[in-house]
2 protein chains.
Amino acid sequence: MKQDVEKKIIDAARELFYEKGFTGVTVRDIANKAEVNLALLHYYFRTKDKIFEIVFKEAFALLFKKLNKALSSDVNLLEKIKLIVESYITAATKYPQLASFIMHEMSVNKDVVWQIIYSQEGKKDVNDNYNRFFQEIVDAGQNGIIKNIDPKILFIDIMSLSLFPFMANAFLTGFLYSEKKAEYNEMIKNRINRTCDLIINDLKV
Amino acid sequence: MKQDVEKKIIDAARELFYEKGFTGVTVRDIANKAEVNLALLHYYFRTKDKIFEIVFKEAFALLFKKLNKALSSDVNLLEKIKLIVESYITAATKYPQLASFIMHEMSVNKDVVWQIIYSQEGKKDVNDNYNRFFQEIVDAGQNGIIKNIDPKILFIDIMSLSLFPFMANAFLTGFLYSEKKAEYNEMIKNRINRTCDLIINDLKV
DNA sequence: GTCTATATCCAGATAGAC
DNA sequence: GTCTATCTGGATATAGAC
């Protein structure tokens, strides 16, 4: 089936791009991994850039779609923070190289990547959700529900604690957890709780 | 001077490799940026791999040499934690793409990079320093000086909060701080204090 | 040491038979 | 749609004159 071949190609491309980045992968690599003829790959997607665009768009959505839902959900502030942490870490657990891929391509491939991001709709909604969440934090601070804190700092702390352990996978499994992959996995499994504890403990007045 | 040309080449290579990664850079790029003839570059360093090896070794030392000094310094535990945070963040402030570069190459270029790392001496010393620090944390926990905590988790939290804001530079300046570069720099300037607060506050019994 | 010229290989992409 | 064969450009690397 046509759908079948297209899927095989994108699946292979996703895996390779996540692992090695755009410049680290050749279309021949993709064709081989997908077990598809090289010319056929070009027949379906025309250029390497097109394939990358599809993979990157999808990756971006994977990491931020659930986040957006968490941001706009109708629960109290601390619950919302938990949802945000959860959205990052479940996405990263499912696709361990997702965060590195996005961050790396965003800084290496700036022009291409921003064009892709801008071509996405719903950007305004996302911003609205961010701003509402940030306002909630400021309000909660002024009402003495949590301590006063710059919402952007809080957001960076959350992202840092959630995503870094995945982005540093090679480093951590090479040093801290060398020969101890199971212990690394255990750490990852507990990462949602650990992150929430740290963040929420810090917010106490 | 000979030294001069070598330095020009390595300086150019460092800048380009940090920015685009090994596969994103050509030797022509390096030669152009260094304003050196392409053949001359090969005369001095023979291969692209050799140049990369020099740059990566240096990068690794930049990020972890000061850390090692912090780990082995003779101050109390909380002071030591501050030194560690400081060592990461000052290194990253000086070379904003250092952490991304190392993490990315470690996961993309595993074989090459690990060979480079293993070829470094002093690996045993580093491990000893880690282990001593970890033991200190366990002891302090049992003595009720800080709360009981898995030292590896603590270490990951420290690295996460210290290095992620740099690794996500493109993302953060694109979204949270778009059109607000000064505010991003301000956040970075306060990052040592913020990280220490979060970490040390969490360690209270 | 420094250059020009070039060998060799591999990348992305397409032509054209089936 | 799928394949083989091939074009074209760009990459790493070297030969050899100066």
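From a predicted model like this one, the values you see are computed outputs, not experimental measurements. Within every chain, numbering begins at 1; the chains are lettered A, B, ... in the order of the sequence lines, protein sequences first and strands thereafter.
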> side chain to side chain donor-acceptor pair (under 3.5 Å) with B:E105: which residues, sequence neighbours excluded?
Replying inline: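 Checked B:E105 against side chain to side chain donor-acceptor pair (under 3.5 Å); matches are B:N109.
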Whole angstrom value for the distance that separates [atom2] of [N] from [atom1] of [X]:
X	N	atom1	atom2	value
B:D49	D:dT12	CG	C1'	10 Å
B:L40	C:dC3	CG	C1'	9 Å
A:N32	C:dA11	CG	C1'	13 Å
A:K20	C:dA11	NZ	P	12 Å
A:I9	D:dG1	CD1	C1'	11 Å
A:I30	C:dC10	CD1	C1'	16 Å
A:L38	C:dC10	CG	C1'	12 Å
B:N37	D:dG16	CG	C1'	14 Å

Look at the side chain of [X] and decide which nucleotide, out of [options], has an atom nearest to it.
X	options	answer
A:V5	C:dT2, D:dT12, D:dT2	D:dT2
A:Y44	C:dC3, D:dT2, C:dG1	D:dT2
B:Y43	C:dG1, C:dT4, D:dC3	C:dG1
A:H42	C:dT14, D:dT2, D:dT4	C:dT14
A:A39	C:dA15, C:dA13, D:dT2	C:dA15
A:T26	C:dC3, C:dA11, D:dC3	C:dA11

> If you draw the axis of the six-membered ring of A:F22, does the NZ or CZ of A:K48 fall within 45° of it and under 6.0 Å from the ring centre?
Replying inline: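 Verdict for A:F22: a cation-pi partner in A:K48.
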>> Both B:R46 and A:V36 contact DNA chain D. Which one's nearest nucleotide lies toward the 5' end?
In response: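 Result: A:V36.
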> Can the ring centroids of A:F64 and B:F171 be said to lie less than 6.0 angstrom from one another?
Replying inline: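 Yes, the ring of A:F64 comes within the 6.0 Å limit of the ring of B:F171, centre to centre.
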> Any idea which heavy atoms bring A:P96 and A:F166 closest together, and the distance?
Replying inline: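 Looking at all heavy atoms of both residues, the shortest contact is O-CB, 3.7 Å.
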>> Would the base of C:dG12 count as contacting A:R28 through its side chain, where contact means a donor and an acceptor less than 3.5 Å apart?
In response: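 Under the 3.5 Å cut-off, the side chain and the base do form a donor-acceptor pair.
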> Would you call A:D157 and A:K152 a salt bridge, taking side-chain N to carboxylate O under 4.0 Å as the test?
Replying inline: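 Salt bridge absent between A:D157 and A:K152.
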